[in-house]
Chemist: 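Have a look at the structure that comes next, please.
All of these numbers come straight from a predicted model, not from anything done at the bench. Throughout, protein chains are lettered first and strands after them, A, B, ... in sequence-line order, and every chain is numbered starting at 1.
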Protein chains: 2
Amino acid sequence: MPRSPNAESPSGRVDAPDAPDVPNPGVAHDAPTIPEPDIRLAQDLLFFAYRDFTNAADVILEELGLGRAHHRALHFIGRNPRITVSDLLLILRITKQSLARVLGALVEQGYVAQAPGPDDRRQRLLSLTGKGAALEQRLFKRQVERLAPAFSQAGPAAVEGFRAVMRAIMDQTARDYMDGGGGDGG
Amino acid sequence: MPRSPNAESPSGRVDAPDAPDVPNPGVAHDAPTIPEPDIRLAQDLLFFAYRDFTNAADVILEELGLGRAHHRALHFIGRNPRITVSDLLLILRITKQSLARVLGALVEQGYVAQAPGPDDRRQRLLSLTGKGAALEQRLFKRQVERLAPAFSQAGPAAVEGFRAVMRAIMDQTARDYMDGGGGDGG
DNA sequence: ACATTAGGACAGTATTATTGACTCAAATGG
DNA sequence: CCATTTGAGTCAATAATACTGTCCTAATGT
């Protein structure tokens with residue numbers, strides 16, 4: 001099993017926005033049949049852009065003996081303070097055991113704090129410590145250095161298009177996360 | 001993709017947040033200082049879109065006992081017939097040993113053929129066999145099923161913007177590859 | 001009381017990557 | 001001709017990230 005066993009998983013925080021003009025997901029009924037070269041180009045774009053985007057923070061991570069998995073956890077905890085372990089697992093779509101190693105290191109090194117849930121004391125609500133927030137800011141800055149010039153250069157209209165396309169590429173579950181409090185209100 | 005030791009570029013062009021309104025003669029024009037929420041959003045978009053894009057082909061790969069590394073090699077060999085091993089390494093940015101295992105499996109299972117270079121007989125020019133092209137088509141189809149509806153839904157203008165932004169995110173090396181024969185001409 | 005849930009832990013394995021050193025054959029240059 | 005470099009392959013060891021299955025505790029809920 002290479003990666004994720006399932007492509008879709010029913011998530012918790014589903015705040016269903018009624019889809020606009022999405023007919024049947026998966027099948028383009030009347031779609032103008034995108035030419036193959038356009039798709040080929042998009043494959044390359046996704047590979048190179050994602051690779052170089054993620055590479056941006058690697059120097060800092062390596063200094064600290066952390067990896068990208070730690071960065072991802074840090075990012076999503078920072079964006080969702082007091083998130084439960086379960087909800088974080090749903091976002092990352094990795095197994096509990098995979099997260100445990102990464103999260104354990106982050107807690108042990110004082111980047112992430114755990115607090116018992118007020119309603120359910122079994123929960124360990126995750127938040128960044130001051131140290132964790134500082135590191136996340138450092139990592140974030142590196143990615144800003146890559147993304148901001150790209151956005152400026154491409155212009156606001158292009159950025160709008162970028163957002164629309166990227167959003168349409170991901171699954172409904174991920175769209176739901178982004179619409180519901182994920183990252184902007186939680 | 002766990003990590004790469006070489007980040008390859010501190011991305012020379014960095015606009016300092018401390019120096020806001022300085023006109024920048026070198027590049028297009030000065031950045032209107034992209035708001036942090038826009039960058040945060042883009043981080044999430046890149047994570048989810050890339051994840052779900054790559055997941056699309058996983059079912060087929062798993063059937064065949066192959067991984068994403070095999071898919072990437074298959075993709076870039078398909079797009080660059082008779083590519084040398086060295087050039088493939090430059091595109092993928094992995095080590096010879098990492099490629100060797102993947103490439104060995106693809107050759108052994110008859111997906112990729114090696115031919116001695118006509119000018120330099122040390123080279124083993126890589127191409128897809130019929131079987132390899134068929135598999136690549138199958139994998140490609142899965143990704144079309146994810147990308148084509150996204151493109152149709154977002155519209156041509158959005159796709160243009162998507163391309164501009166993604167292109168601007170990657171390093172110069174990758175842009176050069178895409179401009180030069182990479183993928184469309186050889 | 002009992003089943004379920006949240007979280008953690010242990011043991012083992014797979015994939016993809018890394019480094020370093022080494023071989024071999026072909027090309028290249030004094 | 002011979003020495004060096006280069007393209008490719010290989011061996012051995014290791015790291016990071018992920019997976020599986022199983023078991024455990026404590027809190028919840030019925």
Chemist: Can you tell me how far C1' of dT16(C) sits from CZ of R68(B), to the nearest Å?
Modeler: 11 Å

Chemist: Would you say dG7(C) has OP1 or OP2 under 4.0 Å from some side-chain N or O of Q114(A)?
Modeler: no

Chemist: When we call it a touch if two heavy atoms are under 4.0 Å apart, what does S86(A) touch: a base, just sugar-phosphate, or nothing?
Modeler: sugar-phosphate

Chemist: Is T95(B) close enough to dA17(C) that one of its side-chain N or O atoms is under 4.0 Å from OP1 or OP2 there?
Modeler: no

Chemist: For N55(B) and R68(B), which I'm curious about, is there any donor-acceptor pair between the side chains at under 3.5 Å?
Modeler: yes

Chemist: Using whole Å, what does the distance between atom P of nucleotide dG9(D) and atom CD of Q123(B) come to?
Modeler: 11 Å

Chemist: When every nucleotide of nucleotides 21-30 of chain C is labelled 5' to 3' by its protein contacts under 4.0 Å (heavy atoms), B for base, S for sugar-phosphate only, - for none, what sequence of letters results?
Modeler: B---BBS---

Chemist: Is D179(B) paired with R167(B) through a side-chain N to carboxylate O contact shorter than 4.0 Å?
Modeler: yes

Chemist: Can you tell me the distance, in whole Å, between the CZ atom of R101(B) and the P atom of dC11(D)?
Modeler: 14 Å

Chemist: Atom CG of L64(B) and atom C1' of dT15(C): how far apart are they, to the nearest Å?
Modeler: 16 Å

Chemist: Could you list the residues that satisfy side chain to side chain donor-acceptor pair (under 3.5 Å) with E160(A), not counting sequence neighbours?
Modeler: R163(A)

Chemist: Looking only at side chains, do Q143(B) and R146(B) share a donor and an acceptor under 3.5 Å apart?
Modeler: no

Chemist: With heavy atoms under 4.0 Å as the rule, sort A100(A) into base, sugar-phosphate or nothing.
Modeler: nothing

Chemist: dT15(C), OP1 or OP2 - any side-chain N/O from R72(B) closer than 4.0 Å?
Modeler: no

Chemist: Tell me whether the side-chain N/O atoms of H70(B) come closer than 4.0 Å to OP1 or OP2 in dT16(C).
Modeler: yes

Chemist: Round to a whole Å and report the spacing from CD of E62(B) to C1' of dT20(D).
Modeler: 13 Å

Chemist: Identify which nucleotide among dG7(C), dT16(C), dA8(D) has an atom closest to any side-chain atom of A69(B), counting heavy atoms from C-beta outward.
Modeler: dT16(C)

Chemist: Let me know the distance between CZ of R51(A) and C1' of dA17(C), rounded to the nearest Å.
Modeler: 15 Å

Chemist: What do you reckon, are the aromatic ring centroids of F53(A) and Y50(B) less than 6.0 Å apart?
Modeler: no

Chemist: Verify the distance criterion only: is there a donor paired with an acceptor across the side chains of D58(A) and H71(A) at less than 3.5 Å?
Modeler: no

Chemist: Can you run down the side-chain hydrogen bond (donor to acceptor under 3.5 Å, both in side chains) pairs that involve residues 96-105 of chain A, sequence neighbours left out, and say none if there aren't any?
Modeler: T95(A)-S98(A)

Chemist: For the pair made of CD1 in I94(A) and P in dG7(C), what is the distance, rounded to whole Å?
Modeler: 14 Å

Chemist: Round to a whole Å and report the spacing from CZ of R93(B) to P of dA17(C).
Modeler: 14 Å

